[in-house]
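What's counted below: heavy atoms across the whole structure, side chains too, no hydrogens, waters or symmetry copies. As the structure is a computational prediction, the values presented were derived from the model and not from experiment. Quick note on labels: first sequence line is chain A, next is B, and so on, each numbered from 1.
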There are 2 protein chains.
Amino acid sequence: MRARGARPVNEARTRTRIQRRNTGAILEAALEVFSAHGFRGATLDQIAEVAGLSKPNLLYYFPSKEAIHLELLTGLLDLWLDPLRALDPAGEPVAEILAYVRRKLELSRDFPRESRLFANEVLQGAPRLSGVIAGDLRALVDEKAGVISAWAAAGRIRPVHPRHLIFSIWALTQHYADFDVQVRLVLGPAEPDPFPEAGRHLTALFTRLLAP
Amino acid sequence: MRARGARPVNEARTRTRIQRRNTGAILEAALEVFSAHGFRGATLDQIAEVAGLSKPNLLYYFPSKEAIHLELLTGLLDLWLDPLRALDPAGEPVAEILAYVRRKLELSRDFPRESRLFANEVLQGAPRLSGVIAGDLRALVDEKAGVISAWAAAGRIRPVHPRHLIFSIWALTQHYADFDVQVRLVLGPAEPDPFPEAGRHLTALFTRLLAP
DNA sequence: GCGATGTTTGACCGGATGGTCAGGATCACG
DNA sequence: CGTGATCCTGACCATCCGGTCAAACATCGC
């Protein structure tokens, strides 16, 4: 008999094959639905349908809608911040930053749903992420801003406000995921895939900004 | 007696003082609530409370929640596109584009709720704006892209992909409105107003990108 | 002051939605 | 094959939410 309110859990034992498959399907479906409609706009019925499960079955694996959302957000944070973590203080400055831009643009191309999930969250005031943003993210940005400042002080890149440079990279790359619909509608059917041109454009932009 | 389902309307006569005051209060309140929670996340009760009216009273002035939202979106479109319209083909190229960037950044500073309203809409796939985007907006961008291309062909700015240049301006300036929370949390309390520094950063960025 | 027009509201409705529960089906393992 | 743990579901509940309506209330021109 399960304790009141407890989840499968299995008392710290390894998770069942079925458990892994279903929680995976749920998170995949939830990503699809949350990123397209926002937290409030998504319904458990939609998620259940996409996942191919019944609604009560969702709630067998997760205690609430809120919990699914939070699990998604925190679970995807690493994927989202890894490119910045990979910025190497020992590398060649301009190449390092261009590589960061490229990796971030690849995330927008390959994981647009994840980008929109975060965008939705931050747009609504980041109620569930403000802790991480003011903590881990801020610390990471501080660290890398120091690296960029050092490069600028050494004359290896042009002087630039390091934090706003990072904001610029976020803004420019995430725009192609979050505003994908707008980008495609404005470009029209003649340019069905904006990403190659976007890559060239951003490379040129940051090269001219940073090359000493 | 009013016809079934008809709104105040007043048969094409001038609107009452009360009508103007209340529709104004409703749209102001709706902007506040829609921009903070998205369409689905906002409720008529919240809007009514912020507007200082009762829910049925809202629905006396607007036929539905949808109608309030649509009225907001279309009513604010001009404000949003005017800066790009003002780009003058006869002006000095770099100065014109920098002025556009400045005006757009001022919109982010002075009308962040409007920016978030549009961001929410486009994020969800622009269900209510795809027509305008593929029509008016695309036409406007085409026109101005032509201007920028001509400037580049004449050697008055560096060669640049004109449409992606416009996307870059949108992305960079709107980021400071849409992701305001994140920007402030990352910068910390030491830099309580990001806009002055953002202005300098973006001016430098586009100057270096465009100056021949 | 009076009728007509315009404004406001309490009470209510129907459907959607997050979540619960008791019990049945299925699986893992000895 | 039996038994305990895990997995799944139909039925149900409480609440929220967009929207309606009849009737009360205010305003205004005369």
B/H201 to A/V160 - nearest heavy-atom pair and separation:
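Answer, listing the atom of B/H201 first, then A/V160: CE1-CG2, 3.9 Å.
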Which one, [options], comes nearest to the side chain of [X]?
{"X": "B/Q19", "options": "D/dT20, C/dT7, D/dC8", "value": "C/dT7"}
{"X": "B/K65", "options": "D/dC7, D/dG18, C/dT9", "value": "D/dG18"}
{"X": "B/Y60", "options": "C/dG19, D/dG19, C/dG6", "value": "C/dG6"}

Hey, what do you get for CD (A/E28) to CG (A/L72), rounding to the nearest 0.5 Å?
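Going from the CD atom of A/E28 to the CG atom of A/L72 covers 9.5 Å.
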Counting only heavy atoms and a strict 4.0 angstrom limit, can you tell me which residues of residues 29-53 of chain A come near DNA chain D?
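By residue number: A/R40.
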Length of the [atom1]-[atom2] vector between [X] and [N], whole Å:
{"X": "B/F62", "N": "C/dT7", "atom1": "CZ", "atom2": "C1'", "value": "15 Å"}
{"X": "B/I18", "N": "D/dT27", "atom1": "CD1", "atom2": "C1'", "value": "7 Å"}
{"X": "A/N57", "N": "D/dA11", "atom1": "CG", "atom2": "P", "value": "17 Å"}
{"X": "A/E66", "N": "C/dG18", "atom1": "CD", "atom2": "C1'", "value": "12 Å"}
{"X": "A/Y61", "N": "D/dT9", "atom1": "OH", "atom2": "C1'", "value": "13 Å"}

Heavy-atom neighbours of A/E66 CD exceed 12 at 6.0 Å:
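Atom CD in A/E66 is packed in, count exceeds 12.
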Does atom CD of A/E49 have more than 12 heavy-atom neighbours, drawn from other residues, nucleotides or ligands, at distances under 6.0 Å?
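Counting neighbours around CD of A/E49, 12 or fewer heavy atoms of other residues, nucleotides or ligands fall under 6.0 Å, so no.
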Restricting to side-chain contact (heavy atoms from CB on, under 4.5 Å), what partner residues turn up for B/E71, sequence neighbours left out?
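B/L27, B/F62.
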Test side-chain contact (heavy atoms from CB on, under 4.5 Å) applied to B/A198 - qualifying residues, sequence neighbours left out
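Result, side-chain contact (heavy atoms from CB on, under 4.5 Å) vs B/A198: A/H164, B/L105, B/Y176.
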Who passes salt bridge (Lys or Arg N to Asp or Glu O under 4.0 Å) against A/D82, sequence neighbours left out?
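Here the qualifying residues are A/R85.
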Got a list of side-chain donor-acceptor pairs under 3.5 Å for residues 129-141 of chain A, not counting sequence neighbours?
from   : atom 1 : to     : atom 2 : distance (Å)
A/R138 : NE     : B/V186 : O      : 3.3

Measure all distances between protein nitrogen or oxygen atoms and nitrogen or oxygen atoms of nucleotides 10-15 of chain C, and list the pairs falling under 3.5 Å.
none

Side-chain donor-acceptor pair present, A/R128, A/H69, cut-off under 3.5 Å
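A pair is found: one side chain offers a donor N or O, the other an acceptor, under 3.5 Å apart.
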Is there a side-chain contact between B/N22 and the phosphate of C/dT8, meaning an N or O under 4.0 Å from OP1 or OP2?
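B/N22 to C/dT8 OP1/OP2: side-chain N or O found under 4.0 Å.
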